[in-house]
Amino acid sequence: MKRLYPFDPLTKHHIIISLLLAIWVFVFLYFTEPLDVNQLPNNEKLMYLPGYGLVAGFCYLLFLPFQTYLYQRFEKQWLILSELAFILTFSVVTIIIARCYYLFVVVANEPNPYTLGYMLTAIFLPAIATILPIILIGRYGFGKYYEKRLEDQKIEIKGEGNYEGLRLQLNEVISIQSSDNYVEVFYLSGNDLKKTLIRNKLSVIADEFPELRRAHRSYLINPFHFQQWKTENGKLSVILNYQIEVPISKTYQNDIKATINSTTN
């Protein structure tokens, strides 16, 4: 249950899933004709059945903030338990709202509506058994696609030793400092600041990753993490995230200022 599960946090992909869900629910009801739907004239089918699709799509979108909460709660990690919690709560709430739609819209003022128990066995549970695999496949597929994109964007800061190195997202790197025959890499792991010592030369890393800008003969910085400038005793420094302060030598001042201006504007 605590194993990681593929997850896509991009809202636009979940909007696509909600639209496909709405269409699939309508198609399912239109062609399977549960609850004597076949007795309705075609114009009433087209009037009422899309409402169930809209309910399903709306409920999916309604739960996206809950999904975001779970994602943040587990430090931007999505677990099998998170997926089960999302699917279960989404299914229960969707059934409740669909039942209300049936009572207050489809059969409003009718004397003998179907009972909840009958609707559960005749339509809701069969529909869920048919629809949930589509949702799970869509969510899993988008999750794997998102993970692959992240993996493709990773960089590897290699060391001179066979087993030295650090693989992470470019924007997880905050700064790199030269330290004798080593470099100290300051980077983010989740919400925590980490530091790793790797045997390599700063010049080698600067040549390999031009996105990291030389700020000083002993420092590389990632402009993405810029917070503010600092001047003290006529010397310029830059403050990065997590209050990391890096001196800016006169040789690199113009380049750093131009890069940060283009990054922040």
Side-chain angles (χ1 to χ4, degrees), residues 4 6-13 68 71-72 75-78 142-265:
L4 292 177
F7 176 70
D8 182 1
L10 299 179
T11 301
K12 62 181 182 181
H13 290 162
T68 301
Y71 186 57
Q72 299 291 340
E75 298 180 349
K76 295 187 176 181
Q77 292 184 329
W78 194 253
F142 275 126
K144 294 298 287 185
Y145 173 71
Y146 183 77
E147 285 185 352
K148 185 178 185 306
R149 285 183 59 195
L150 288 182
E151 187 66 26
D152 291 343
Q153 293 172 4
K154 284 188 175 182
I155 64 171
E156 184 174 6
I157 301 174
K158 298 178 181 179
E160 294 179 353
N162 291 333
Y163 301 102
E164 287 185 286
L166 189 63
R167 185 172 174 80
L168 67 173
Q169 301 293 321
L170 176 64
N171 282 343
E172 289 174 344
V173 179
I174 299 179
S175 66
I176 303 177
Q177 179 181 354
S178 177
S179 178
D180 295 327
N181 295 323
Y182 292 82
V183 293
E184 286 183 299
V185 183
F186 295 83
Y187 63 99
L188 296 178
S189 177
N191 294 321
D192 298 324
L193 176 65
K194 301 284 187 179
K195 181 175 69 172
T196 295
L197 199 64
I198 297 175
R199 185 169 52 184
N200 206 332
K201 296 183 176 66
L202 197 67
S203 58
V204 172
I205 297 174
D207 291 339
E208 190 170 358
F209 305 110
E211 299 90 347
L212 303 175
R213 310 302 295 183
R214 175 83 76 163
H216 185 278
R217 64 184 179 84
S218 300
Y219 290 90
L220 293 174
I221 67 169
N222 187 344
F224 176 81
H225 291 283
F226 170 79
Q227 289 294 308
Q228 65 184 60
W229 300 104
K230 178 181 178 181
T231 303
E232 189 173 290
N233 298 325
K235 295 183 179 180
L236 181 66
S237 298
V238 64
I239 307 297
L240 306 174
N241 283 334
Y242 289 82
Q243 297 303 305
I244 295 176
E245 183 174 339
V246 175
I248 308 295
S249 66
K250 292 182 179 180
T251 305
Y252 303 106
Q253 277 188 21
N254 291 337
D255 177 64
I256 288 294
K257 287 180 178 179
T259 302
I260 288 178
N261 286 338
S262 65
T263 302
T264 56
N265 290 337

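As a basis for the values below, the full set of heavy atoms in this structure was taken, side chains included, without hydrogen atoms, waters or symmetry mates.
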Could you label the plane-to-plane angle of the Phe7 and Trp78 rings as parallel, tilted or perpendicular, counting under 30° as parallel and over 60° as perpendicular? parallel

With under 30° as parallel and over 60° as perpendicular, where do the rings of His13 and Phe142 fit, or are they tilted in between? parallel

For the atom pair [atom1] ([X]) and [atom2] ([Y]), what is the distance rounded to the nearest 0.5 Å?
{"X": "His225", "Y": "Ile174", "atom1": "NE2", "atom2": "CD1", "result": "5.0 Å"}
{"X": "Ile205", "Y": "Leu212", "atom1": "CD1", "atom2": "CG", "result": "8.5 Å"}
{"X": "Leu168", "Y": "Glu156", "atom1": "CG", "atom2": "CD", "result": "10.0 Å"}
{"X": "Ser179", "Y": "Ile176", "atom1": "OG", "atom2": "CD1", "result": "13.0 Å"}
{"X": "Lys154", "Y": "Leu170", "atom1": "NZ", "atom2": "CG", "result": "13.0 Å"}
{"X": "Lys195", "Y": "Glu184", "atom1": "NZ", "atom2": "CD", "result": "4.5 Å"}

Go through it in stages, so that I can follow the logic: the residues are Ile198 and Ile157, the test is side chain to side chain contact (heavy atoms under 4.5 Å, CB included), and I'd like the CA-CA distance, side-chain angles, deciding distance and then a yes or no. CA-CA 8 Å; Ile198 297 175; Ile157 301 174; 4.0 Å; yes

Note, [X] side chain near [Y] side chain (heavy atom, < 4.5 Å):
{"X": "Phe226", "Y": "Ile221", "answer": "no"}
{"X": "Ile244", "Y": "Phe186", "answer": "yes"}
{"X": "Ser178", "Y": "Tyr219", "answer": "no"}
{"X": "Ser237", "Y": "Trp229", "answer": "no"}
{"X": "Thr68", "Y": "Thr11", "answer": "no"}
{"X": "Gln227", "Y": "Leu240", "answer": "no"}
{"X": "Val238", "Y": "Gln228", "answer": "no"}
{"X": "Val173", "Y": "Leu220", "answer": "no"}

Between [X] and [Y], which heavy-atom pair has the shortest distance, and what is it?
{"X": "Asp8", "Y": "Leu10", "answer": "OD1-N, 3.0 Å"}
{"X": "Pro223", "Y": "Ile260", "answer": "CB-CG1, 4.2 Å"}
{"X": "Lys257", "Y": "Leu236", "answer": "CE-CD2, 3.8 Å"}
{"X": "Ser189", "Y": "Lys194", "answer": "CB-CG, 3.6 Å"}
{"X": "Leu202", "Y": "Ser218", "answer": "CD2-C, 3.4 Å"}
{"X": "Pro247", "Y": "His216", "answer": "O-CB, 3.5 Å"}

Assess whether atom [atom1] of [X] is packed by more than 12 heavy atoms of other residues, nucleotides or ligands within 6.0 Å.
{"X": "Gln243", "atom1": "CD", "answer": "no"}
{"X": "Tyr242", "atom1": "OH", "answer": "yes"}
{"X": "Asp207", "atom1": "CG", "answer": "yes"}

Are Glu232 and Lys230 within salt-bridge range, i.e. N to O under 4.0 Å? yes

Is a side-chain donor-acceptor pair under 3.5 Å present for Tyr187 with Glu172? no

Short side-chain donor-acceptor distance under 3.5 Å, Asn222 and Glu211: no

